[in-house]
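Letters A, B, ... are given to chains in the order of the sequence lines, protein chains preceding strands, and every chain is numbered from 1.
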2 protein chains.
Amino acid sequence: MKLSGGVEWALHCCVVLSGVTVPVPAAKLAEFHDVSPTYLAKQLQSMSRAGLVRSVQGQAGGYVLTRSADSITVLDVVDAVDGGEPAFHCTEIRQRGPLATPVEKCVKPCAIARAMAAADRAWREALRASTIADLARDVNEDAGRDVMIGVRGWLGVPAGHPLPLHATR
Amino acid sequence: MKLSGGVEWALHCCVVLSGVTVPVPAAKLAEFHDVSPTYLAKQLQSMSRAGLVRSVQGQAGGYVLTRSADSITVLDVVDAVDGGEPAFHCTEIRQRGPLATPVEKCVKPCAIARAMAAADRAWREALRASTIADLARDVNEDAGRDVMIGVRGWLGVPAGHPLPLHATR
DNA sequence: TCAACTCGGATAACTCTTGTCCGGAATACT
DNA sequence: AGTATTCCGGACAAGAGTTATCCGAGTTGA
(Lines give C-alpha, C1' and ligand atoms only; values in the text may rest on other atoms or scores of the structure.)
Protein backbone atom coordinates (compact mmCIF):
# COMPACT_ATOMS: atom_id res chain seq x y z
CA MET A 1 0.00 0.00 0.00
CA LYS A 2 1.98 2.95 -1.22
CA LEU A 3 1.01 6.20 -2.84
CA SER A 4 3.08 7.79 -5.57
CA GLY A 5 5.56 10.24 -4.10
CA GLY A 6 4.65 12.85 -6.67
CA VAL A 7 1.27 13.36 -5.01
CA GLU A 8 2.83 15.37 -2.22
CA TRP A 9 4.64 17.65 -4.67
CA ALA A 10 1.53 18.13 -6.76
CA LEU A 11 -0.58 19.11 -3.76
CA HIS A 12 2.00 21.63 -2.60
CA CYS A 13 2.09 23.09 -6.10
CA CYS A 14 -1.69 23.41 -6.15
CA VAL A 15 -1.64 25.31 -2.88
CA VAL A 16 0.94 27.71 -4.31
CA LEU A 17 -1.02 28.10 -7.55
CA SER A 18 -4.16 28.86 -5.57
CA GLY A 19 -2.49 32.04 -4.36
CA VAL A 20 -1.67 33.50 -7.76
CA THR A 21 -3.51 34.07 -11.02
CA VAL A 22 -0.61 34.46 -13.43
CA PRO A 23 1.13 31.42 -14.97
CA VAL A 24 3.97 30.01 -12.89
CA PRO A 25 6.70 28.04 -14.72
CA ALA A 26 7.39 24.49 -13.61
CA ALA A 27 11.02 25.41 -12.98
CA LYS A 28 9.99 28.05 -10.46
CA LEU A 29 7.69 25.65 -8.65
CA ALA A 30 10.52 23.12 -8.48
CA GLU A 31 12.99 25.65 -7.13
CA PHE A 32 10.46 26.90 -4.60
CA HIS A 33 9.93 23.41 -3.22
CA ASP A 34 13.52 22.28 -3.74
CA VAL A 35 12.62 19.19 -5.78
CA SER A 36 13.73 17.73 -9.10
CA PRO A 37 12.54 20.15 -11.84
CA THR A 38 12.26 17.54 -14.57
CA TYR A 39 10.33 15.12 -12.43
CA LEU A 40 7.98 17.72 -11.09
CA ALA A 41 7.24 18.62 -14.72
CA LYS A 42 5.89 15.11 -15.13
CA GLN A 43 3.39 15.55 -12.32
CA LEU A 44 2.28 18.90 -13.69
CA GLN A 45 1.74 17.32 -17.08
CA SER A 46 -0.44 14.68 -15.48
CA MET A 47 -2.49 17.38 -13.82
CA SER A 48 -2.72 19.22 -17.11
CA ARG A 49 -3.96 16.08 -18.83
CA ALA A 50 -6.56 15.67 -16.10
CA GLY A 51 -7.74 19.22 -16.65
CA LEU A 52 -6.83 20.53 -13.21
CA VAL A 53 -4.29 23.04 -14.46
CA ARG A 54 -3.91 24.81 -17.77
CA SER A 55 -0.50 25.10 -19.36
CA VAL A 56 0.42 28.41 -20.96
CA GLN A 57 3.31 28.15 -23.36
CA GLY A 58 5.82 30.70 -24.51
CA GLN A 59 7.83 33.32 -22.65
CA ALA A 60 5.98 34.25 -19.42
CA GLY A 61 4.21 30.92 -19.66
CA GLY A 62 3.61 28.34 -16.96
CA TYR A 63 0.75 26.65 -15.13
CA VAL A 64 -2.50 28.08 -13.79
CA LEU A 65 -5.40 26.41 -12.01
CA THR A 66 -8.34 25.92 -14.34
CA ARG A 67 -10.96 26.34 -11.62
CA SER A 68 -11.29 28.01 -8.27
CA ALA A 69 -9.33 26.36 -5.49
CA ASP A 70 -12.48 25.41 -3.60
CA SER A 71 -13.73 23.32 -6.53
CA ILE A 72 -10.56 21.21 -6.76
CA THR A 73 -10.50 18.38 -4.25
CA VAL A 74 -7.52 16.49 -2.95
CA LEU A 75 -9.02 13.42 -4.61
CA ASP A 76 -8.82 15.16 -7.98
CA VAL A 77 -5.09 15.66 -7.55
CA VAL A 78 -4.48 12.13 -6.25
CA ASP A 79 -6.39 10.63 -9.16
CA ALA A 80 -4.54 12.78 -11.68
CA VAL A 81 -1.03 12.03 -10.41
CA ASP A 82 -1.37 8.55 -8.98
CA GLY A 83 -3.96 7.21 -11.41
CA GLY A 84 -7.54 6.57 -10.46
CA GLU A 85 -7.31 2.80 -10.21
CA PRO A 86 -8.46 1.25 -6.92
CA ALA A 87 -5.82 -0.18 -4.60
CA PHE A 88 -7.30 -3.66 -4.68
CA HIS A 89 -7.79 -5.65 -7.85
CA CYS A 90 -9.81 -8.87 -7.60
CA THR A 91 -8.30 -11.69 -9.62
CA GLU A 92 -11.40 -13.86 -9.26
CA ILE A 93 -9.80 -16.57 -7.20
CA ARG A 94 -13.24 -18.07 -6.64
CA GLN A 95 -13.29 -19.07 -10.29
CA ARG A 96 -10.09 -21.07 -9.94
CA GLY A 97 -9.07 -24.26 -8.22
CA PRO A 98 -10.84 -27.59 -7.83
CA LEU A 99 -13.98 -26.12 -6.25
CA ALA A 100 -14.18 -23.18 -8.66
CA THR A 101 -17.43 -21.27 -8.79
CA PRO A 102 -18.86 -21.36 -12.32
CA VAL A 103 -18.67 -18.06 -14.19
CA GLU A 104 -22.44 -17.75 -14.60
CA LYS A 105 -22.78 -17.77 -10.80
CA CYS A 106 -20.39 -14.82 -10.44
CA VAL A 107 -22.89 -12.08 -11.13
CA LYS A 108 -21.74 -9.74 -8.39
CA PRO A 109 -18.23 -9.12 -7.01
CA CYS A 110 -17.06 -11.59 -4.39
CA ALA A 111 -17.35 -10.75 -0.69
CA ILE A 112 -13.68 -9.90 -0.35
CA ALA A 113 -13.74 -7.53 -3.29
CA ARG A 114 -16.84 -5.85 -1.85
CA ALA A 115 -15.15 -5.26 1.50
CA MET A 116 -12.07 -3.79 -0.14
CA ALA A 117 -14.18 -1.64 -2.45
CA ALA A 118 -16.08 -0.26 0.53
CA ALA A 119 -12.82 0.76 2.17
CA ASP A 120 -11.67 2.33 -1.07
CA ARG A 121 -14.87 4.35 -1.23
CA ALA A 122 -14.35 5.57 2.32
CA TRP A 123 -10.81 6.62 1.47
CA ARG A 124 -11.86 8.49 -1.64
CA GLU A 125 -14.75 10.12 0.16
CA ALA A 126 -12.38 11.47 2.79
CA LEU A 127 -10.08 12.84 0.11
CA ARG A 128 -13.03 14.39 -1.69
CA ALA A 129 -13.98 16.25 1.49
CA SER A 130 -10.83 18.39 1.39
CA THR A 131 -10.26 21.03 -1.26
CA ILE A 132 -7.16 22.96 -2.22
CA ALA A 133 -8.78 26.02 -0.69
CA ASP A 134 -9.13 24.14 2.61
CA LEU A 135 -5.44 23.23 2.52
CA ALA A 136 -4.41 26.81 1.80
CA ARG A 137 -6.55 28.05 4.66
CA ASP A 138 -5.06 25.48 7.04
CA VAL A 139 -1.54 26.41 5.99
CA ASN A 140 -2.27 30.03 6.83
CA GLU A 141 -3.75 29.08 10.18
CA ASP A 142 -0.72 26.94 11.02
CA ALA A 143 1.64 29.80 10.18
CA GLY A 144 -0.52 32.42 11.84
CA ARG A 145 -0.22 34.72 8.82
CA ASP A 146 -0.95 34.94 5.09
CA VAL A 147 1.91 32.98 3.64
CA MET A 148 0.80 33.77 0.10
CA ILE A 149 2.12 37.27 0.47
CA GLY A 150 5.62 35.94 0.84
CA VAL A 151 5.05 33.41 -1.94
CA ARG A 152 3.93 36.09 -4.37
CA GLY A 153 6.90 38.18 -3.42
CA TRP A 154 9.36 35.37 -4.08
CA LEU A 155 7.69 34.48 -7.37
CA GLY A 156 8.08 38.08 -8.54
CA VAL A 157 4.37 38.71 -8.76
CA PRO A 158 3.61 42.23 -7.47
CA ALA A 159 1.52 41.73 -4.39
CA GLY A 160 -0.89 44.62 -4.85
CA HIS A 161 -1.33 43.90 -8.54
CA PRO A 162 -5.04 43.29 -9.22
CA LEU A 163 -4.15 40.62 -11.79
CA PRO A 164 -5.45 40.88 -15.38
CA LEU A 165 -7.56 37.72 -15.61
CA HIS A 166 -7.43 37.95 -19.40
CA ALA A 167 -8.80 34.87 -21.14
CA THR A 168 -5.84 32.59 -21.70
CA ARG A 169 -7.50 30.95 -24.64
CA MET B 1 -1.80 3.50 -4.91
CA LYS B 2 -1.54 -0.23 -5.06
CA LEU B 3 -2.09 -2.94 -2.50
CA SER B 4 0.11 -6.01 -2.30
CA GLY B 5 -1.35 -8.79 -4.40
CA GLY B 6 -0.84 -11.32 -1.64
CA VAL B 7 -3.59 -9.69 0.42
CA GLU B 8 -6.27 -11.29 -1.73
CA TRP B 9 -4.75 -14.73 -1.31
CA ALA B 10 -4.35 -14.29 2.43
CA LEU B 11 -7.97 -13.26 2.88
CA HIS B 12 -9.23 -16.25 0.90
CA CYS B 13 -7.05 -18.51 3.01
CA CYS B 14 -8.46 -17.03 6.21
CA VAL B 15 -12.00 -17.69 5.02
CA VAL B 16 -11.11 -21.31 4.33
CA LEU B 17 -9.35 -21.67 7.67
CA SER B 18 -12.39 -20.27 9.43
CA GLY B 19 -14.32 -23.35 8.34
CA VAL B 20 -11.99 -25.94 9.80
CA THR B 21 -10.28 -26.52 13.11
CA VAL B 22 -7.50 -28.88 12.08
CA PRO B 23 -4.21 -27.61 10.63
CA VAL B 24 -4.25 -27.13 6.84
CA PRO B 25 -0.89 -27.33 5.00
CA ALA B 26 0.16 -24.35 2.89
CA ALA B 27 0.48 -26.61 -0.15
CA LYS B 28 -3.18 -27.60 0.15
CA LEU B 29 -4.29 -24.00 0.45
CA ALA B 30 -2.26 -23.14 -2.64
CA GLU B 31 -3.71 -26.01 -4.64
CA PHE B 32 -7.21 -25.16 -3.52
CA HIS B 33 -6.87 -21.59 -4.76
CA ASP B 34 -4.66 -22.48 -7.72
CA VAL B 35 -1.89 -20.06 -6.81
CA SER B 36 1.87 -20.30 -6.44
CA PRO B 37 2.63 -22.54 -3.42
CA THR B 38 5.98 -20.98 -2.60
CA TYR B 39 4.71 -17.43 -2.71
CA LEU B 40 1.59 -18.18 -0.73
CA ALA B 41 3.85 -19.68 1.92
CA LYS B 42 5.43 -16.26 2.29
CA GLN B 43 2.07 -14.63 3.01
CA LEU B 44 1.17 -17.31 5.53
CA GLN B 45 4.47 -16.77 7.30
CA SER B 46 3.69 -13.06 7.54
CA MET B 47 0.34 -13.87 9.08
CA SER B 48 2.03 -16.26 11.48
CA ARG B 49 4.49 -13.56 12.52
CA ALA B 50 1.57 -11.19 13.10
CA GLY B 51 -0.09 -13.76 15.32
CA LEU B 52 -3.19 -14.26 13.18
CA VAL B 53 -2.54 -17.92 12.47
CA ARG B 54 -0.62 -20.56 14.36
CA SER B 55 1.73 -22.85 12.50
CA VAL B 56 1.81 -26.52 13.42
CA GLN B 57 4.94 -28.29 12.28
CA GLY B 58 5.53 -31.87 11.36
CA GLN B 59 3.40 -34.42 9.63
CA ALA B 60 -0.30 -33.52 9.75
CA GLY B 61 0.84 -29.95 10.39
CA GLY B 62 -0.32 -26.77 8.75
CA TYR B 63 -1.98 -23.51 9.67
CA VAL B 64 -4.87 -22.78 12.05
CA LEU B 65 -6.47 -19.51 13.05
CA THR B 66 -5.36 -18.40 16.50
CA ARG B 67 -8.65 -16.72 17.38
CA SER B 68 -12.27 -16.97 16.39
CA ALA B 69 -13.05 -15.71 12.91
CA ASP B 70 -15.20 -12.88 14.24
CA SER B 71 -12.28 -11.41 16.16
CA ILE B 72 -9.99 -11.19 13.11
CA THR B 73 -10.65 -8.12 11.00
CA VAL B 74 -9.77 -7.57 7.38
CA LEU B 75 -7.48 -4.79 8.58
CA ASP B 76 -5.51 -7.31 10.63
CA VAL B 77 -4.81 -9.35 7.52
CA VAL B 78 -3.97 -6.32 5.38
CA ASP B 79 -1.55 -5.01 7.99
CA ALA B 80 0.09 -8.41 8.38
CA VAL B 81 0.63 -9.07 4.68
CA ASP B 82 1.04 -5.59 3.25
CA GLY B 83 2.75 -3.95 6.21
CA GLY B 84 1.04 -1.42 8.41
CA GLU B 85 2.73 1.66 6.99
CA PRO B 86 0.42 4.45 5.82
CA ALA B 87 0.12 5.06 2.08
CA PHE B 88 1.31 8.65 2.33
CA HIS B 89 4.65 9.64 3.75
CA CYS B 90 5.26 13.36 4.32
CA THR B 91 8.74 14.45 3.30
CA GLU B 92 8.40 17.83 5.01
CA ILE B 93 8.55 19.92 1.88
CA ARG B 94 7.61 22.94 3.94
CA GLN B 95 11.04 22.77 5.55
CA ARG B 96 12.79 23.05 2.19
CA GLY B 97 13.24 25.71 -0.45
CA PRO B 98 13.89 29.45 -0.18
CA LEU B 99 10.83 30.13 1.99
CA ALA B 100 11.34 27.11 4.23
CA THR B 101 9.42 26.99 7.48
CA PRO B 102 11.85 26.76 10.42
CA VAL B 103 11.90 23.41 12.19
CA GLU B 104 10.78 24.80 15.52
CA LYS B 105 7.59 26.05 13.86
CA CYS B 106 6.71 22.55 12.61
CA VAL B 107 5.15 21.28 15.78
CA LYS B 108 2.22 19.51 14.14
CA PRO B 109 1.99 17.71 10.77
CA CYS B 110 1.43 19.95 7.78
CA ALA B 111 -2.07 20.43 6.39
CA ILE B 112 -1.49 18.08 3.47
CA ALA B 113 -0.24 15.29 5.72
CA ARG B 114 -3.25 15.78 7.97
CA ALA B 115 -5.67 15.43 5.07
CA MET B 116 -3.98 12.28 3.84
CA ALA B 117 -3.83 10.84 7.35
CA ALA B 118 -7.56 11.42 7.78
CA ALA B 119 -8.25 9.50 4.58
CA ASP B 120 -5.98 6.73 5.76
CA ARG B 121 -7.89 6.51 9.03
CA ALA B 122 -11.19 6.27 7.14
CA TRP B 123 -9.79 3.48 5.01
CA ARG B 124 -8.50 1.52 7.98
CA GLU B 125 -11.73 2.05 9.87
CA ALA B 126 -13.70 0.56 7.00
CA LEU B 127 -11.38 -2.45 6.88
CA ARG B 128 -11.67 -2.87 10.62
CA ALA B 129 -15.46 -3.05 10.30
CA SER B 130 -15.32 -6.36 8.39
CA THR B 131 -14.25 -9.59 10.02
CA ILE B 132 -13.33 -12.93 8.54
CA ALA B 133 -16.59 -14.28 9.92
CA ASP B 134 -18.47 -11.60 7.99
CA LEU B 135 -16.70 -12.60 4.81
CA ALA B 136 -17.47 -16.28 5.32
CA ARG B 137 -21.12 -15.49 5.97
CA ASP B 138 -21.31 -13.35 2.82
CA VAL B 139 -19.68 -16.09 0.76
CA ASN B 140 -22.33 -18.52 1.93
CA GLU B 141 -25.11 -16.07 1.16
CA ASP B 142 -23.75 -15.46 -2.32
CA ALA B 143 -23.59 -19.17 -3.02
CA GLY B 144 -26.94 -19.88 -1.38
CA ARG B 145 -25.50 -22.80 0.54
CA ASP B 146 -22.84 -23.74 3.09
CA VAL B 147 -19.72 -23.86 0.95
CA MET B 148 -17.62 -25.03 3.89
CA ILE B 149 -19.14 -28.47 3.60
CA GLY B 150 -17.58 -28.86 0.17
CA VAL B 151 -14.34 -27.30 1.34
CA ARG B 152 -14.02 -29.74 4.26
CA GLY B 153 -14.76 -32.58 1.90
CA TRP B 154 -12.04 -31.58 -0.53
CA LEU B 155 -9.53 -31.02 2.25
CA GLY B 156 -10.17 -34.54 3.50
CA VAL B 157 -11.53 -33.41 6.83
CA PRO B 158 -14.47 -35.62 7.82
CA ALA B 159 -17.45 -33.29 7.87
CA GLY B 160 -19.16 -34.80 10.92
CA HIS B 161 -15.94 -35.21 12.84
CA PRO B 162 -16.21 -33.32 16.13
CA LEU B 163 -12.52 -32.32 15.88
CA PRO B 164 -10.11 -33.08 18.73
CA LEU B 165 -9.08 -29.54 19.72
CA HIS B 166 -6.07 -30.96 21.58
CA ALA B 167 -3.64 -28.27 22.75
CA THR B 168 -1.18 -27.79 19.89
CA ARG B 169 1.48 -26.45 22.16
C1' DT C 1 11.49 37.76 -38.36
C1' DC C 2 14.04 36.37 -34.64
C1' DA C 3 15.22 34.77 -30.30
C1' DA C 4 14.07 33.23 -25.88
C1' DC C 5 11.25 30.70 -23.22
C1' DT C 6 7.83 27.24 -22.27
C1' DC C 7 5.52 22.62 -22.33
C1' DG C 8 5.23 17.75 -24.10
C1' DG C 9 6.45 13.08 -25.06
C1' DA C 10 9.95 9.62 -25.50
C1' DT C 11 13.89 7.54 -23.13
C1' DA C 12 17.19 5.49 -19.53
C1' DA C 13 18.47 4.25 -14.41
C1' DC C 14 16.75 2.64 -10.48
C1' DT C 15 13.96 0.56 -6.50
C1' DC C 16 10.64 -2.37 -4.97
C1' DT C 17 7.58 -6.04 -5.42
C1' DT C 18 6.83 -10.54 -7.06
C1' DG C 19 8.16 -15.18 -7.31
C1' DT C 20 11.47 -19.17 -6.56
C1' DC C 21 14.61 -22.18 -4.29
C1' DC C 22 17.16 -24.59 -0.71
C1' DG C 23 18.91 -26.08 3.87
C1' DG C 24 17.45 -26.57 8.77
C1' DA C 25 14.26 -27.78 12.59
C1' DA C 26 10.18 -29.95 14.38
C1' DT C 27 6.52 -33.43 14.49
C1' DA C 28 3.70 -37.76 13.49
C1' DC C 29 3.49 -42.32 11.70
C1' DT C 30 5.71 -46.90 10.93
C1' DA D 1 14.74 -45.26 15.90
C1' DG D 2 13.89 -44.03 11.20
C1' DT D 3 11.38 -41.78 7.70
C1' DA D 4 8.23 -38.79 5.59
C1' DT D 5 5.96 -34.60 5.99
C1' DT D 6 5.64 -29.92 7.26
C1' DC D 7 6.91 -25.11 8.56
C1' DC D 8 10.63 -21.42 8.88
C1' DG D 9 14.13 -18.24 7.41
C1' DG D 10 17.12 -16.50 4.35
C1' DA D 11 19.32 -15.84 -0.13
C1' DC D 12 18.45 -15.31 -4.90
C1' DA D 13 16.64 -14.01 -9.84
C1' DA D 14 13.11 -11.81 -12.73
C1' DG D 15 9.82 -8.45 -13.59
C1' DA D 16 7.09 -4.39 -13.03
C1' DG D 17 6.63 0.14 -11.61
C1' DT D 18 8.60 4.30 -10.04
C1' DT D 19 12.04 7.87 -10.32
C1' DA D 20 14.74 10.87 -12.96
C1' DT D 21 16.56 12.99 -17.34
C1' DC D 22 16.97 14.63 -21.93
C1' DC D 23 15.73 16.78 -26.35
C1' DG D 24 12.22 18.32 -29.75
C1' DA D 25 7.75 21.07 -30.78
C1' DG D 26 5.18 25.04 -30.08
C1' DT D 27 4.26 29.76 -28.44
C1' DT D 28 5.04 34.27 -26.94
C1' DG D 29 7.12 38.83 -26.95
C1' DA D 30 10.16 42.16 -28.97
Worksheet item: OP1, OP2 of C:dT6 versus side-chain N and O of A:S55: anything below 4.0 Å?
Response: no
Worksheet item: Side chains of A:V35 and B:T91: closer than 4.5 Å at any heavy-atom pair?
Response: no
Fill in: Test item: A:W123 and B:M1 side chains (from C-beta on) under 4.5 Å apart, heavy atoms
yes
Worksheet item: Nearest nucleotide by nearest heavy atom, which residue falls closer to the 5' end of DNA chain D, A:K2 or A:Q59?
Response: A:K2
Worksheet entry | Closest nucleotide among D:dC7, C:dT6, C:dG19 to the B:A26 side chain | D:dC7
Worksheet entry | N/O (side chain, B:S4) to phosphate O (OP1/OP2, C:dT18) under 4.0 Å | yes
Fill in: Any A:D70 side-chain heavy atom under 4.5 Å of A:R137 side chain
no
Worksheet item: Given atom NE2 of B:H89 and atom C1' of C:dC16, what is their separation to the nearest angstrom?
Response: 16 Å
Worksheet item: Quick one: on DNA chain D, does A:Q57 or A:L3 contact a more 5' nucleotide (nearest heavy atom)?
Response: A:L3
Worksheet entry | Interatomic distance where CG belongs to A:L17 and P belongs to C:dC7 [whole Å] | 11 Å
Practice prompt. Return the residues of residues 37-49 of chain A meeting this criterion: a heavy atom under 4.0 Å from some atom of DNA chain D. Order them by number, or give none.
Written response: A:T38, A:Y39, A:K42
Worksheet entry | Salt bridge present between B:E125 and B:R121 (N-O < 4.0 angstrom) | no
Worksheet item: Can you tell me how far P of D:dT27 sits from CZ of A:R54, to the nearest Å?
Response: 14 Å
Worksheet item: Does the side chain of A:R114 reach to within under 4.5 Å of the side chain of A:K108, using non-hydrogen atoms?
Response: yes
Worksheet entry | Greater than 12 external heavy atoms within 6.0 Å of A:E85's CD | no
Worksheet item: With sugar-phosphate meaning primed atoms plus P, OP1 and OP2, does A:G62 contact a base, only sugar-phosphate, or nothing at under 4.0 Å between heavy atoms?
Response: sugar-phosphate
Practice prompt. State, yes or no, whether a side-chain contact exists between B:L65 and B:I72 at a heavy-atom distance under 4.5 Å.
Written response: yes
Practice prompt. Specify the separation, in whole Å, of atom NZ of A:K28 and atom P of C:dC5.
Written response: 12 Å
Practice prompt. In whole angstrom, give the distance that lies between atom CD of A:E8 and atom P of D:dT19.
Written response: 11 Å
